[in-house]
Protein chains: 2
Amino acid sequence: MSARQVTLAEVAKQAGVSLATASRVLNGSTRQVSEDLSERVLRTAEELGYVPNASAQALARNSSSLVGLVVHDITDPYFSCIAAGVTRVAEAAGLSVVLGTTGRRPEREAELLSTLRAHRARAVVLAGSRTTDRAAQSRLAAEIDAFSEQGGRVACVSQAKLGTDTVVPGNRAGGRALARALTELGHKKFAVLGGPSELVVARDRLAGFKAGLADAGIAPPVVINGAFTRDGGYAAAMELLASKSRSTCVFAVTDVMAMGAMAALRERGVRIPEDISIAGFDDIPTLRDTVPALSTVRLPLEEMGEIAAGLVLDAGGDEARTVRVAGEVVLRASTAHN
Amino acid sequence: MSARQVTLAEVAKQAGVSLATASRVLNGSTRQVSEDLSERVLRTAEELGYVPNASAQALARNSSSLVGLVVHDITDPYFSCIAAGVTRVAEAAGLSVVLGTTGRRPEREAELLSTLRAHRARAVVLAGSRTTDRAAQSRLAAEIDAFSEQGGRVACVSQAKLGTDTVVPGNRAGGRALARALTELGHKKFAVLGGPSELVVARDRLAGFKAGLADAGIAPPVVINGAFTRDGGYAAAMELLASKSRSTCVFAVTDVMAMGAMAALRERGVRIPEDISIAGFDDIPTLRDTVPALSTVRLPLEEMGEIAAGLVLDAGGDEARTVRVAGEVVLRASTAHN
DNA sequence: ACAGCGCTGGAAAGCGCTTTCCCGCCACGC
DNA sequence: GCGTGGCGGGAAAGCGCTTTCCAGCGCTGT
């Protein structure tokens, strides 16, 4: 059994150079090291199987190679797609991503940020949907402040936040465009299965949708709020059914909710799209093969993750940057003419 | 703007105690500290917004609060479910999980493990499917060795590995039981859409399935290998169709592949289950609402993640432990009598 | 009364690395 | 020929913590 851990000091000794030289060779500082010493160090490091102690480096440099990623629920395809984008660019940059999940509890966001700060994470991307809960908000704001002050960068996806870089999907515009497309199909009576009212993502999509209906001179929709999940969609749809609303088209603010809603409708013998049309939002790749294919607003989820990671990694100015990504309405089999 | 960072030393000074005392209070060592000192330290820490420097702690303690999680593709619901389980228990234990993705390249696994070692991760769970590639295997084995020797624990899900804790799903047994159930439906001619032949998970499921058919005295299935993804399933199904095989039932070794296959079949006008029955494996929650509902073998994915994390976190003996979790055949609408 | 013990608090020695500073060396310019 | 830089190398001072070791103190037991 070899030593518990190979340290730089051992490598240096073995190679017959000083600690400083070894360090300079193995991490490429600004300083030059002569060819042969450099060679020797590299070789012994290789032989000994040296792996730098990331904690020690982080401590000495006062900055780690960690990038935070906080999501509500990694199981939700919306988040896992974003996560894929973030990890791809982080790993390409030689960084490790630490994944935090909030389980949809807003307080957790601040806690996680604090942990990330403890780790001196170089950056963090917040993919959670912003809530309107004041207390959680200000606690989070404080953490974000602390985090940046300590030299970390933070980017948000889909939630503008005090001076952080942000990638904002066109939630409002997408909702509006979707409404327009749906009214063009001839629908006049709409219902929307909204997310919890404190999530701005849900609210933006809803607001956009309403605006779109208004554009077309259509009466505002019945809206039923539910959890931002498959079950939430299911429950909301059940409630809708119970309400005897005569809507011909329902918009679920999320593909995942739409799936739940479709399940509920099917269960009740409502045919899609013959009896009722349904549309979602996000265009989750995993869900593209469902029957009937779900009409939705496509968001380039992975790309959004990549952009966010990109923002947060390239030092950038002190200005908070905002990248907008557009949603694209795609009408498929779940919506029919009326 | 406050100080760049609040250190333990500042807290100690402010509270009028020694560094040692402050440390003891703020992390709960074995040593006792009197009530009032303790109180004072806690209060000043609170006031100053002290957050311990995780790197420094890791360095001093020679062990960090990081847990590694290595998956192929976080976008794949199979992995994201496992990830959810792992993060849940890790976070409950006050640890942070660093997520590594291999993009299905076996070499990446070893690289990630090395990074994790650099971070002195306390443990890591390898959720990738084992490949049969010799070189990658031995490189990985070496990394696992190095990692454990350095004091880290490693657990694998679904791949027994040199003396690591493992949670093994009943791939073989599940495949076999599924085959039996399917033959009981009256099917006599089977096809299986296998994963890449070097993945043992795929091979085990296939082997079990073949055994099940043999049990029932049914001829071995046509097998077509494809990538372990939706597109792989799609392509394999297309190939199957082209081959003019007269199978009445196809088993895709993965739900995700089954989704792709179903898309292909539908596209070709093949009705499910009237013309052909299809079954998958995993019972991905996100896919449960598809129509027709997919027959499959249910695996408690999140629970598997939890178990793996549990194994790897509770120190355990030196013995490599193995936890088997059974798959449960669930027949739904995608398979019909023949 | 005193040795011995248990207990709390503090000084200080690391943990493995980075980086500043300094030193000696060489090439140059005057 | 000697001061001046520039340059490659090493010594050593941290980075922020943990933990050992020691000092002091109040007890108990004989």
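Below, chains carry the letters A, B, ... as their sequence lines are ordered, and counting in each starts from 1. Note that these values count all heavy atoms, side chains included, but never hydrogens, waters or copies made by symmetry. In this text the structure is predicted, and so the values were computed from the model without any measurement.
- Note on the helix from C/dA1-D/dT30 to C/dC30-D/dG1: terminal axis deviation equals 50°, with five pairs used at each end and the result rounded to 10°.
- A/Arg321 has a carboxylate O that lies under 4.0 Å from a charged side-chain N of A/Asp314, or vice versa, which qualifies the two as a salt bridge.
- Contact footprint of chain A on DNA chain D: nucleotides with an atom under 4.0 Å from a non-hydrogen protein atom, first to last in 5' to 3' order, D/dG8 to D/dG16.
- Less than 4.0 Å separates DNA chain C from at least one heavy atom of each of the following residues of residues 33-47 of chain B: B/Val33, B/Ser34, B/Leu37.
- Heavy atoms only, all atoms of each residue included: A/Glu143 and A/Ala110 are closest at CG-O, 3.6 Å.
- Within 4.0 Å (heavy atoms only), B/Thr7 reaches sugar-phosphate atoms of the nucleic acid but no base atom.
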Between the protein and nucleotides 26-28 of chain C, list the N/O to N/O atom pairs that are separated by less than 3.5 angstrom.
none

Report, one line per pair, each donor and acceptor closer than 3.5 Å where one atom sits in a side chain of residues 12-19 of chain B; sequence neighbours left out.
unit_1  : atom_1 : unit_2  : atom_2 : d
B/Ser18 : OG     : B/Ala20 : N      : 3.3
B/Ser18 : OG     : B/Thr21 : N      : 3.1
B/Ser18 : OG     : B/Thr21 : OG1    : 3.1

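- The distance between atom CZ of A/Arg61 and atom C1' of C/dT20, rounded to the nearest whole Å, is 16 Å.
- Annotation for B/Gly305 and B/Val86: closest pair O-CG2, 3.4 Å, computed over non-hydrogen atoms.
- Each of B/Val154, B/Val71, B/Leu112 was scored for a side-chain contact (heavy atoms from CB on, under 4.5 Å) with B/Leu126, with one residue passing: B/Val154.
- Residues that satisfy the ring-ring contact (aromatic ring centres under 6.0 Å, His included) test with A/Phe147, not counting sequence neighbours, are absent from this structure.
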